[in-house]
Amino acid sequence: MRAAVRSGWRIGAAAAALRGRAGRPLSQAAGEGGGAEGGGGSGSREAVERLVREHPVVVFMKGSPAQPLCGFSNAVVQILRLHGVEDYRAHDVLQDPDLRQGIKNYSNWPTIPQVYLNGEFVGGCDILLQMHQNGDLVEELKKLGIRSALLDAEKDQEKK
């Protein structure tokens, strides 16, 4: 399976097909979670804690999944799409400087994007890419009840 997962990153046609899927709109930070909600501003520890726990898969990024504004955020979006993960919360830190700093303080990680699975900080683009390449992301998604699309792609390859 790991070979299929590693090669999945390079499967041009399959990746293009996954990227081309419109899917339903993903939530974005603009208009969500901003402002001073009951425990402080959008960058307070309490506000960030609510955001990371609001959904099984949460990404803090520059831009939106539909329009990432940096290469690293784009890579995270593409990895998630490759695995068929469309239902996740994405928060655009460029829309909220307090959230941008707050998430860095919360995770003690200096860069964006940041990925959270089941409320736990996973890492940034480099870590997610490594997890994708070694098969760990398939396993972590399985723990969340999410079946990676790469498993289906692997079955299709075996049938041929």
Less than 4.5 Å apart, side chain to side chain, heavy atoms only: is that true for [X] and [Y]?
{"X": "H132", "Y": "L150", "answer": "yes"}
{"X": "M131", "Y": "I127", "answer": "yes"}
{"X": "V77", "Y": "M61", "answer": "yes"}
{"X": "R45", "Y": "Y106", "answer": "yes"}
{"X": "V58", "Y": "V115", "answer": "no"}
{"X": "V76", "Y": "L129", "answer": "no"}
{"X": "R147", "Y": "L151", "answer": "yes"}

Ignoring hydrogens and angles, tell me if any N or O in the side chain of [X] forms a donor-acceptor pair with the backbone of [Y] under 3.5 Å.
{"X": "S44", "Y": "G41", "answer": "yes"}
{"X": "D92", "Y": "G63", "answer": "yes"}
{"X": "R81", "Y": "P65", "answer": "yes"}
{"X": "S73", "Y": "K62", "answer": "yes"}

Are [X] and [Y] close enough that a side-chain donor and a side-chain acceptor fall under 3.5 Å?
{"X": "N105", "Y": "Q101", "value": "yes"}
{"X": "H91", "Y": "Q114", "value": "no"}
{"X": "H55", "Y": "D87", "value": "yes"}

Any chance you could measure [X], atom [atom1], to [Y], atom [atom2], to the nearest 0.5 Å?
{"X": "L137", "Y": "I146", "atom1": "CG", "atom2": "CD1", "answer": "9.0 Å"}
{"X": "N118", "Y": "L144", "atom1": "CG", "atom2": "CG", "answer": "5.0 Å"}
{"X": "L99", "Y": "S42", "atom1": "CG", "atom2": "OG", "answer": "5.5 Å"}
{"X": "C125", "Y": "I79", "atom1": "SG", "atom2": "CD1", "answer": "5.5 Å"}

Would you call K143 and E139 a salt bridge, using N to O less than 4.0 angstrom?
->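 No salt bridge links K143 with E139.
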Write down the atom of L141, the atom of S148, and the distance for their closest heavy-atom approach.
->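 Looking at all heavy atoms of both residues, the shortest contact is CD1-CB, 4.5 Å.
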Is it the case that one hydrophobic cluster holds both L69 and F72, taking links as side-chain heavy atoms less than 4.5 Å apart, direct or via other members?
->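 In one cluster: no.
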May I have the step-by-step check of salt bridge (charged side-chain N to carboxylate O under 4.0 Å, His left out) for R50 and E46, ending in yes or no?
-> CA-CA 6 Å; R50 280 193 301 273; E46 296 80 15; over 6 Å; no
Would F60 and Y116 count as a close aromatic pair, with their ring centres under 6.0 Å?
->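 They qualify: ring centres under 6.0 Å apart.
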Start with the C-alpha gap between K104 and I112, add the side-chain angles, then the distance that decides, and say whether side chain to side chain contact (heavy atoms under 4.5 Å, CB included) holds.
-> CA-CA 8 Å; K104 291 177 182 181; I112 303 293; 4.0 Å; yes
List the steps and the verdict of side chain to side chain contact (heavy atoms under 4.5 Å, CB included) for R100 and L94.
-> CA-CA 7 Å; R100 184 177 186 172; L94 297 178; 3.5 Å; yes
CD (Q67) with more than 12 external heavy atoms under 6.0 Å =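 Not more than 12 within 6.0 Å, no.
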